[in-house]
Amino acid sequence: MTPAQSKHAHVATIAAGEPWRASDDAPPAVEMRGITKRFPGVIANNQVDFTVKRGEIHALLGENGAGKSTLMNVLAGLYKPSEGTIWIHGERVDFNSPRDAIAAGVGMVHQHFMLVPVQTVAENIFLGVRETPFVLDYKQMAADVRRIGTQYGMPVDPNAKIWQLSVGEQQRVEIIKILYHGAQVLILDEPTAVLTPQETLGLFATLRTMVAQGKTVIFISHKLDEVLSIADRITVLRAGGVAETVFARDVNKVQLASLMVGREVLFRLEKPERAPGEVRLALSAVEALDNKNLPALRKLTLKVHSCEIVGIAGVAGNGQRELAEVICGLRAISGGVIEVCGKTVTNAAPIVMINAGVAYVPEDRSTTGSAPNLSLAENTAIKSYRDEPVGKGMFVKRNTMRTIAGGLIDRFNISAPSTATPVRKLSGGNLQKVILAREISKRPRVLVAAYPTRGLDIGATEAVRKILLDERNDGAAILLISEDLDEIFAIADRIAVLYEGRVMGEFASADADRETIGLMMAGHAADTAHTSPARNPEAAS
Amino acid sequence: MTAQSALGPTPEKTVTRLRIEQRMEQPTWLRYASPIILVGAALLVGALLLRLAGANPWFVYRQMFSIAFGSAYGWSDTTIKAVPLIVIGLGVALALRMRLFNVGAEGQFFIGAFMATGVALYILPTNAPAWLMLLAMGLGGFIGGAFWGFIPGILKARLNVNEIITTLMLTYVAVLWNNYWVYGPWSERGFGMTSTFPDNAWMPRFTDYAEQIPALRGMTAHFGIFVAIVLAIVMWILLRSSKWGFEISVIGDNNRAARYAGINLSRNIILVMMISGGFAGLAGMIEVAGVVHRLQERFSPGYGFTAIIIAWLAKLNPLAIIPVAYLFGGLLVGGDAIQPAGVAAMLQGVILFVVVGGEMLLTYRVRLEKVAVAA
């Protein structure tokens, strides 16, 4: 019996039966044993045993680099394991490609969606179906898509084009696509990273419906709260191996965190009161285009004071990147005025902004924030090489550069073999610390930090947030762009919600509430007293 | 574990498979060894072709080597070929460090030679002191080449026009421009050449000092080699320790990061293309002042193109360019002695092909691997 045949047998029983209950005597949906995956020079997974029961939501939790994605890529047929065996529903399998995995009923929704923007939802879902008739029956396709959508509480319009959909809707299309292809086991790789809080709740409801109907869900995440609220069981990966598998109801956040990190973790950050000082950064009615020449910022007005962190909340793609880039001189603005410390610097070159005291921790660490093949020392100097003590006359003093970099390694707790290590060899967290170290060592007056903790593990996240708070306490004006509301609530003094290039509303973080912010992130103008309509007349429309 | 006992693991066997995978990292030894491996491989392929043509490859290679490097005269002749290759190679390598492909060094070389000739024959009087003459010719050559590099540079910086196309196309313009002058206004009795330079426009040669040091008699190599070596050292120092060299390394590695760090990309693109062209132009001046002593049609055996291979093989290291250029110079000198002459050109082609192709292959490695397969 081939895996595919066995899959169909299961489908039959499920479709006919009552809501599925996880049971211990049926073969597990997924059993991976002794999985080792080596890459040249790295062991990403080391002797991992991983079992998922039928009909459960199983979270795979771990820090970045713990091997979560590698393990799931093995399960989804993208990688072949160096060692180890896999059974799906009790059937021994040997995947050579994602197609084999799909045939065995395993499908994965990746972090980056794989959809064709100009095609419709139904066409995208039908892509990759193996045996297609010569003439496609679009009506039938649309009906199938609609049926699956309704069945699991994910309504989508089958005839809409992908580019017209929100990110949350695109994710639904991805999920429907793998269900349509017959997936019994769904792997979701950090699915909530792109969602608003409301969309996340919607996704969770969908996942519960799916397991109630006999599907099995594997949920990759590094967010503790989320994992505790959705998962039945949790497998924690650490450094390529399994730390432990636990029932979600038996553990709390602190225990999970220490399993993940391997030590105790503190969640409280000291945030002393600071009265905001003078205005350091002021944007008034700023307009800018994105890379496709579409409006990205629409009459955006914002002020950041000394000793203040302003958090920009919003779903990615609502102008965050453009906002950061116009402040740093990397993107021209088509309207409005930008002032730094009272001086107008509208459309000034990056070097002018740097000299005005603007530091920038960019969203793309390796494509913008660093030169990957240059050494750690060189990367800490790519802005400071012009001035003493690194620069002298027409020369660069490499010894001084190395000494300073060594000092930063100590001060910011960067773990790197040496200052000569090319930064592409550093982990995401350490690279981020290098970038932060460089930006902060110039004592910036204004710091723009875009997603500074994205993809970082708990330890590194803690360190980065602490660094930002220290800078704020020392008087810097910080603009924090983040997709993580917890982060914004934890360290920001004020919160501005960004939607389609506008500030939908501003709150002092002490009296902000999550629900209002969530609604605003989705574009609903709040009619609560929290918003000050005078600040943003257009937002009311 | 217990749950799957009914359908438990099927017996399995292992087979050994050959696996080719990309190296994540080039080991340090390979970085230094690869040019040697590649040239060795190229000579092997060349040997095969020579064998097919009915020759004895070992004999041919030995012959070529002894002509190019077997005697002081051989070294002198090889030096003559190596000088333009070094100087042009330095310019090409500089541009390549910023990932700018200046494949038009040949044209810049011609324009440099043209400018130097103009200075020698038509601008400065024939009784000008030699140092002034040579300096002015060098300056003229550099400016000519720099101008030829400036055009693609500004097009790249302002309009993002692909410099590979523009530099290559400008080469044809330069060669034909040169032809126009040597057949037209500057022609010596209608032949494709100008009249010979006055003595003060000749680059000093080793043989000119034969009266003091008799051993130098007949050595026609010129002092351009000193210029080449000094330029290589200066370039090495600048790239390694100057602010400008630092900017170039940042731009070359990640130009977005460079822009983010406040480095002026456009200015550096234009500047580097001008210096790159200027070096090729200076090489053109050295060639006419040191070897040809006049401007003529087709006075380059493709130095501008060979220099690209040299820069590449030398891993863009200015000092490494010197020995690599000598190797290729030797190939040109040794190749002159084999008949038919096409064989040498073919060998060069083979080397280029193997080097460029092999560079890619060396990023892979072959492993034997035991794989478990279900029975």
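Order of the sequence lines fixes the chain letters, A, B, ..., with proteins taken first and strands second; residue numbering starts at 1 for each chain.
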- Dump the intermediate steps for side-chain contact (heavy atoms from CB on, under 4.5 Å) on A:F395 and B:R240, then the final yes or no. CA-CA 9 Å; A:F395 291 102; B:R240 213 167 156 272; over 6 Å; no
Given that the side chain runs from C-beta out, which part of [X] has a heavy atom under 4.5 Å from chain B: side chain, backbone, both or neither?
{"X": "A:R386", "result": "both"}
{"X": "A:K397", "result": "neither"}
{"X": "A:D49", "result": "neither"}

Hits for side-chain contact (heavy atoms from CB on, under 4.5 Å) against B:N162, two or more places apart or cross-chain, chain-then-number order -> B:I164, B:I165
Listed by number, the residues in residues 260-274 of chain B that come under 4.5 Å of chain A (heavy atom to heavy atom) are B:Y260, B:A261, B:G262, B:I263
Applying side chain to side chain donor-acceptor pair (under 3.5 Å) to B:K156 and not counting sequence neighbours gives B:E163
I'd like to know whether CZ of A:R398 has more than 12 heavy-atom contacts from other residues, nucleotides or ligands below 6.0 angstrom. yes
- prompt: In this structure, are over 12 heavy atoms from other groups packed under 6.0 Å from B:F353 atom CZ?
  reply: no
Between the OG atom in B:S241 and the CE atom in A:M394, the distance rounded to the nearest 0.5 Å is 9.5 Å
Residues A:K392 and B:K243: closest non-hydrogen pair is N-CE, 4.0 Å
Most heavy-atom pairs under 4.5 Å with chain B, out of A:M353, A:E325, A:E439, belong to A:E439
Counting heavy-atom pairs under 4.5 Å with chain B, the top scorer among A:V390, A:I354, A:I351, A:T367 is A:T367
Polar side-chain atom of B:R259 near backbone of A:P350 as donor-acceptor pair, under 3.5 Å = no
Working for side-chain contact (heavy atoms from CB on, under 4.5 Å), residues A:I382 and B:F246:
CA-CA 8 Å; A:I382 64 172; B:F246 185 70; 4.2 Å; yes
Among residues 368-379 of chain A, those lying within the under-4.5 Å heavy-atom range of chain B are A:T368, A:G369, A:S370, A:A371, A:P372, A:N373, A:L374, A:E378
